[in-house]
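In what follows, chains are A, B, ... by sequence order, proteins preceding strands, each numbered from 1.
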There are 2 protein chains.
Amino acid sequence: MKVGVSPDTFPPRSHEAKRISVVDAAASVFCREGYAGANIDLIAAEAGVSRQTVYNHHGDKEKLFMAVVRDLTERCNAGIFATIATFPDQPADLEADLVAFAVRMNRNCICNRDGRFLRKLIQAEGERYPELFAEWREQGPGRTWSALAARFARLAYAGHLSIGDPDVAARQFLALVNAELQITFMLGGIPTEEEVLRSASNGVRTFLAAFGRKKAPAARQAALAHA
Amino acid sequence: MKVGVSPDTFPPRSHEAKRISVVDAAASVFCREGYAGANIDLIAAEAGVSRQTVYNHHGDKEKLFMAVVRDLTERCNAGIFATIATFPDQPADLEADLVAFAVRMNRNCICNRDGRFLRKLIQAEGERYPELFAEWREQGPGRTWSALAARFARLAYAGHLSIGDPDVAARQFLALVNAELQITFMLGGIPTEEEVLRSASNGVRTFLAAFGRKKAPAARQAALAHA
DNA sequence: GACGAATTGGACAAGCCTGTCTAAATTTGT
DNA sequence: ACAAATTTAGACAGGCTTGTCCAATTCGTC
């Protein structure tokens, strides 16, 4: 309607650019100040546009907030699935590969701008907009865990791991590799590259101690039969 | 000054009762609405006192907020250490005892009112009041992990566990037994008793698979020697 | 260069919130 | 029962914020 959409050129250059700029600034301010504390004037200033432009593009504060959440959800999910695609299916060195994967997951999905912002908005406003975040819950963690569980199941099937329930293993993997970063996340901080690596290394070591392929599966099955 | 403090009687009965009532209501409202969105009138109404009484007791909104955080921090820490005191030092059934401990930890420290409220306030306002929450960080998680690590070290020393770094093991224990509750916590929900139990059971099983003392150390070492 | 759309800055009303003040009512201890 | 302290309801000023309106300006396009 508004955009003529000529064939091979960006029709609304600065228009769309400003829209994005507003959403980005809004994400930052909503996270820093909370929904109630966020100030439209501040968002406009941070986006480098006038207050009126914010209203032109997004209607009102609540619609702007929803646009922010949808935007972050979409980008985060894209990042997560792109990262899961790099899961080591045929590991040369399983421990090293899993650590590298965990570090990628942290850097690209959890510690980056979108991840931190979305997490904070969910925590702060999740109860106020249940339907808005229900969507995130299904599209995000739900699918993430399934996809990751499938990868672990494949590793188990190939004999690299010894896993009971792949869904449980996937959740525990994520919990383990982030175990030492919880406090930093809680306070909104960004862990250093070294902290991420150490947490991932320790987590993967424990994960493999629990699920790593046992060299003597017969003995293990015998022990289980005993019980 | 204000309180005469006669020897053996509670000088300000309903006075102090109202103060507590205000702090409790304030905790609830601050959590639900965020600091900026919290409304003193609403807090007063929820506490069953007049707005003026809130100001009489706590001065202004920011002081009230600090009182809330200190209150929650204190009670949470007390609960945590009371629960850690119930750690199974001489376990009859290590797995069952650790599961029961994890469930207690969840019920008494993490899922209860104070725990949920404090977590949410830390997440939402931690960056705005660094010094306020730095205190929590040192007194809470710092000491919790040390205390828990000491308990695990003792179990290891007694031959019940095989642990490298007790601090890492303590953090990973907490991460594992809460692995399946993360999403619920994020959205401010309260997991059911059954969910808590399942997460704890799965977490402890994996924890013991990684750190449990092997029943047949000779066979295991033989297998390792094989490789 | 000219046209139309988007943007800007500012003024503006309406509403809400904090924090103070007051006089009346209530509670507390003696 | 009395006196002091506390609590209450309500009014109130001051400040801030949202969302609208409008005239002037800038920008992109033809």
Colleague: I want to verify a distance call: between C/dT7, D/dT18, C/dG9, whose nearest atom is closest to the A/K61 side chain?
Modeller: D/dT18

Colleague: Among residues 24-51 of chain B, which residues get a heavy atom nearer than 4.0 Å to DNA chain D?
Modeller: B/G48, B/V49, B/S50, B/R51

Colleague: Using atom NE2 of B/H15 as one end and atom P of D/dA5 as the other, report the distance to the nearest whole Å.
Modeller: 13 Å

Colleague: When you measure from the centre of the six-membered ring of A/Y35, is the NZ or CZ of A/K61 under 6.0 Å away and within 45° of the axis?
Modeller: yes

Colleague: In whole angstrom, give the distance that lies between atom CZ of B/F65 and atom P of C/dT18.
Modeller: 14 Å

Colleague: Between atom CZ in A/R19 and atom P in C/dT7, what is the gap in whole Å?
Modeller: 12 Å

Colleague: Under 4.0 Å between a side-chain N or O of A/K18 and OP1 or OP2 of C/dT8?
Modeller: yes

Colleague: Separation of B/Q52 atom CD from C/dT22 atom P, in whole Å?
Modeller: 11 Å

Colleague: Between B/H57 and D/dT6, does any side-chain N or O lie under 4.0 Å from OP1 or OP2?
Modeller: no

Colleague: Nearest whole Å is fine: how far is D/dC21 P from A/N56 CG?
Modeller: 12 Å

Colleague: What does A/H58 touch in the nucleic acid at a heavy-atom separation under 4.0 angstrom: a base, only the sugar-phosphate, or nothing?
Modeller: nothing

Colleague: Determine, using ring centers only, whether B/F87 and B/F152 are less than 6.0 Å apart.
Modeller: yes

Colleague: Taking atom P of D/dT18 as reference, at what distance in whole Å does atom NZ of A/K63 sit?
Modeller: 15 Å

Colleague: Testing the 3.5 Å rule here: is there a donor-acceptor pair between the side chains of A/Q182 and A/N178?
Modeller: no

Colleague: Report all side-chain donor-acceptor pairs from residues 19-30 of chain A shorter than 3.5 Å, counting only partners two or more places apart or in another chain.
Modeller:
unit_1 : atom_1 : unit_2 : atom_2 : d
A/R19  : NE     : A/E16  : OE2    : 3.3
A/S21  : OG     : A/A47  : O      : 2.9
A/S28  : OG     : A/R32  : NH1    : 3.1
A/S28  : OG     : A/E46  : OE2    : 3.3

Colleague: Would you say the side-chain atoms of A/Q172 and B/N202 include a donor-acceptor pair closer than 3.5 Å?
Modeller: no

Colleague: Tell me, which pairs form a ring pair (Phe, Tyr, Trp, His ring centres under 6.0 Å) where one or both residues lie in residues 110-140 of chain B, sequence neighbours left out?
Modeller: B/F65-B/Y129

Colleague: Rounded to the Å, how far apart are A/Y55 OH and C/dC12 C1'?
Modeller: 14 Å

Colleague: Between B/F185 and B/R119, is there a cation-pi geometry (under 6.0 Å to ring centre, at most 45° from the normal)?
Modeller: yes

Colleague: Respond yes when some side-chain nitrogen or oxygen of B/T53 is under 4.0 Å from OP1 or OP2 of D/dT6, and no when none is.
Modeller: no

